[in-house]
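As a basis for the values below, the full set of heavy atoms in this structure was taken, side chains included, without hydrogen atoms, waters or symmetry mates.
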Amino acid sequence: RLRALLDTPGAFMSYYETEASWGETQWRRRFASAAWVVAIESGAVIGIAGLVDGYASDGRHVEWTWVEPTHRHRGVSRALLEALVDMESHNGAQDIALWVLEN
């Protein structure tokens, strides 16, 4: 997550400086607030995606995705999103939205 904030700071509605100062309790709260999938290659994290609860009428939505710049355009994002959809469909989800920042 910190690498993602450094790479694309405007994409996550947060700042590296803010999250880098978090303690273990804050990190555990962040990770507990979403369903996460992680792409790993040769022991290194190359991508993350998170699914969170939206407002009551919105249901769950994908809010965080990031892929290491060296691994973009290789299907990693698709694999992360498919893993989230698969995980949620096994939990009975009917719909999952993708939340995208306009700029």
Which pair of heavy atoms, one from P69 and one from D7, lies closest together, and at what distance?
-> CG-OD1, 3.3 Å
R3 side, atom CZ; T8 side, atom OG1 - distance, nearest 0.5 Å | 11.5 Å
Determine, step by step, whether R29 and W22 satisfy the side-chain contact (heavy atoms from CB on, under 4.5 Å) criterion, reporting the C-alpha distance in whole Å, the side-chain angles of both residues, the deciding distance to 0.1 Å, and the verdict.
-> CA-CA 11 Å; R29 192 174 313 130; W22 286 358; over 6 Å; no
Sorted by chain and residue number, the side chain to side chain donor-acceptor pair (under 3.5 Å) partners of E24 (sequence neighbours excluded) come out as R28
Identify which one of V67, I46, I48 satisfies the side chain to side chain contact (heavy atoms under 4.5 Å, CB included) criterion when paired with L80.
-> V67
Got a second to check how far R78's CZ is from T65's OG1, nearest 0.5 Å?
-> 13.0 Å
Step by step, work out the side-chain contact (heavy atoms from CB on, under 4.5 Å) result for S14 and R1.
-> CA-CA 11 Å; S14 186; R1 171 104 175 147; 4.0 Å; yes
For side-chain contact (heavy atoms from CB on, under 4.5 Å), just list the numbers for W66 and R72, CA-CA rounded to whole Å, side-chain angles, deciding distance to a tenth of an Å, and then say yes or no.
-> CA-CA 9 Å; W66 174 80; R72 293 179 185 160; 3.3 Å; yes
Is there a chain of hydrophobic side chains (I, L, V, M, F, W, Y, each step under 4.5 Å between heavy atoms) that links W64 to Y15?
-> no
If every non-hydrogen atom of S21 is compared with every non-hydrogen atom of T18, which pair is closest and at what distance?
-> OG-O, 2.7 Å
How close do V52 and A34 get, heavy atom to heavy atom, and via which atoms?
-> CG1-CB, 3.5 Å
NE2 (H73) and NE2 (H71) are apart, to the nearest 0.5 Å, by 13.0 Å
Is there side-chain contact between E68 and E41, with heavy atoms separated by less than 4.5 Å?
-> no
Separation of E82 CD from S77 OG (nearest 0.5 Å) | 11.0 Å
Can you tell me if S89 uses its side chain to pair, donor with acceptor, with the backbone of V85 under 3.5 Å?
-> yes
Value rounded to 0.5 Å, distance of CZ in F31 from CD in Q26 = 12.5 Å
For H90, all residues meeting side chain to side chain donor-acceptor pair (under 3.5 Å), sequence neighbours excluded = D86
Between CG on residue L5 and CD on residue E19, distance to nearest 0.5 Å = 4.5 Å
